[in-house]
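In this chain, residues are counted from 1 in sequence order. Remember, it's a predicted structure, so these values are computed and weren't measured experimentally.
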Amino acid sequence: MVTMKRRTLAGCCGVGVFVIALVTVCVAFATPSWLVSDYRITGAKLDRLGLWTHCFRSLPDVNDDYQRRFFVGCRWVYDPFTKGYDEIRGFLIPGFMIATQFFYTLCLIGMVVSLCLVLLFFLCAGPDQKHFVLLIKLIGYILLATGICGSIGVIVFACFGNKDKWMPEHANNFFGWSFGLGVVGAVTSIISACLFLTEATVQAKKQKQFKESQTRFELERDTKA
């Protein structure tokens, strides 16, 4: 008779790649180094910025023609306590930044949902259960959508994040390690999705072979009887 493995190589690799994707997406989402200033430039106005936190060395208020107010240090982009910070929010988070935040937030949500399902697949579910293949397909499709959302987010930021007329001295700025992890997270999400969908296909074939083997065994037993 055909024996049923709990997980094949594709499933094990899918779980491993998923862990990498989960860590990189979470770290990229939370850290403020998507765009950083060249540390060799001593008079740079920008220090670094992320999706939700901006760090400035000395950013003049873009609404103050007399340059009397400057923003220094790290702040949450929606900081309600710093005077004048809400007035430059439109400058800090233009349309492309909102799009990046939106799609990468969807990416993070997809990773959290996938984490619950992957734990179920890894710890609880088995090929003898009715919806085992459906569970694996669901993980694969959610991770695929997650990877696509993450990819859109990093592509949008790559296209517009270091353009002129946004952050000062853009020629001295470059994409930081948080952005790099964001790219890795999006790519590994898609790779993990492909591995899980492959696992679903293999498990579906094994279930079919297992049922056929059981049927043949029962027929042979009845014939001998």
Side-chain angles (χ1 to χ4, degrees), residues 1-31 33-34 51 100 102-158 175-222:
M1 292 182 63
V2 178
T3 58
M4 294 284 288
K5 285 186 177 181
R6 188 185 180 104
R7 289 181 299 274
T8 68
L9 179 62
C12 294
C13 292
V15 172
V17 176
F18 168 77
V19 172
I20 297 173
L22 176 66
V23 172
T24 52
V25 166
C26 291
V27 173
F29 184 85
T31 51
S33 292
W34 280 59
L51 295 181
T100 302
F102 173 74
F103 283 107
Y104 219 78
T105 300
L106 290 181
C107 180
L108 180 69
I109 293 172
M111 294 303 295
V112 173
V113 173
S114 298
L115 174 61
C116 299
L117 298 177
V118 169
L119 288 174
L120 184 63
F121 164 75
F122 187 76
L123 300 175
C124 305
D128 56 326
Q129 296 177 338
K130 183 178 179 181
H131 300 296
F132 183 63
V133 174
L134 179 61
L135 171 65
I136 303 172
K137 286 184 178 180
L138 187 61
I139 294 172
Y141 288 129
I142 291 176
L143 281 175
L144 183 61
T146 295
I148 291 173
C149 288
S151 298
I152 294 174
V154 295
I155 289 172
V156 169
F157 191 82
F175 298 113
W177 59 269
S178 297
F179 174 78
L181 289 181
V183 174
V184 172
V187 172
T188 50
S189 296
I190 295 175
I191 294 174
S192 182
C194 294
L195 289 169
F196 274 107
L197 293 175
T198 302
E199 172 75 359
T201 302
V202 173
Q203 290 291 349
K205 289 181 179 179
K206 285 184 174 294
Q207 282 189 352
K208 183 178 179 181
Q209 292 174 356
F210 183 73
K211 290 178 181 179
E212 291 175 351
S213 175
Q214 279 187 321
T215 303
R216 286 196 301 268
F217 177 77
E218 291 174 359
L219 288 174
E220 290 173 0
R221 185 180 60 182
D222 292 341

Item to check | Those residues that, when tested against Val112, pass side-chain contact (heavy atoms from CB on, under 4.5 Å) (two or more places apart) | outcome: none
Next on the checklist: Using the ring pair (Phe, Tyr, Trp, His ring centres under 6.0 Å) criterion, which residues pair with Phe29? Sequence neighbours excluded.
Outcome noted: Trp52
Next on the checklist: Applying side-chain hydrogen bond (donor to acceptor under 3.5 Å, both in side chains), can you list everything that pairs with Ser33, at least two apart in sequence or on another chain?
Outcome noted: Trp177
Checklist outcome for this item: Applied to residues 181-192, the side-chain hydrogen bond (donor to acceptor under 3.5 Å, both in side chains) test, sequence neighbours excluded, yields none
Item to check | Pairs satisfying side-chain hydrogen bond (donor to acceptor under 3.5 Å, both in side chains), at least one member in residues 20-29, at least two apart | outcome: none
Checklist entry - ring pair (Phe, Tyr, Trp, His ring centres under 6.0 Å): which pairs involve residues 181-203, sequence neighbours left out? => result Phe121-Phe196
Item to check | Qualifying side-chain hydrogen bond (donor to acceptor under 3.5 Å, both in side chains) pairs with a residue from residues 102-117, counting only residues at least two apart or across chains | outcome: none
Checklist entry - side-chain contact (heavy atoms from CB on, under 4.5 Å) with Thr201: which residues, sequence neighbours excluded? => result Lys205
Checklist entry - Can you tell me how far CZ of Phe179 sits from OG1 of Thr100, rounded to the nearest 0.5 angstrom? => result 9.0 Å
Checklist entry - Does Val187 have any side-chain contact (heavy atoms from CB on, under 4.5 Å) partners at least two apart in sequence or in another chain, and if so, which? => result Val183, Ile191
Item to check | Over all atoms of both residues, closest heavy-atom pair of Ser178 and Thr31 | outcome: OG-OG1, 2.6 Å
Item to check | side chain to side chain contact (heavy atoms under 4.5 Å, CB included) between Cys26 and Leu108, intermediate numbers included | outcome: CA-CA 7 Å; Cys26 291; Leu108 180 69; 3.7 Å; yes
Item to check | For Cys12, all residues meeting side-chain contact (heavy atoms from CB on, under 4.5 Å), sequence neighbours excluded | outcome: Arg7
Checklist entry - About how many Å separate CH2 of Trp34 and CZ of Phe157, when rounded to the nearest 0.5 Å? => result 7.0 Å
Side-chain donor-acceptor distances from residues 132-156 under 3.5 Å, at least two apart:
from: Thr146; atom 1: OG1; to: Ile142; atom 2: O; distance (Å): 2.8
from: Ser151; atom 1: OG; to: Gly147; atom 2: O; distance (Å): 2.7

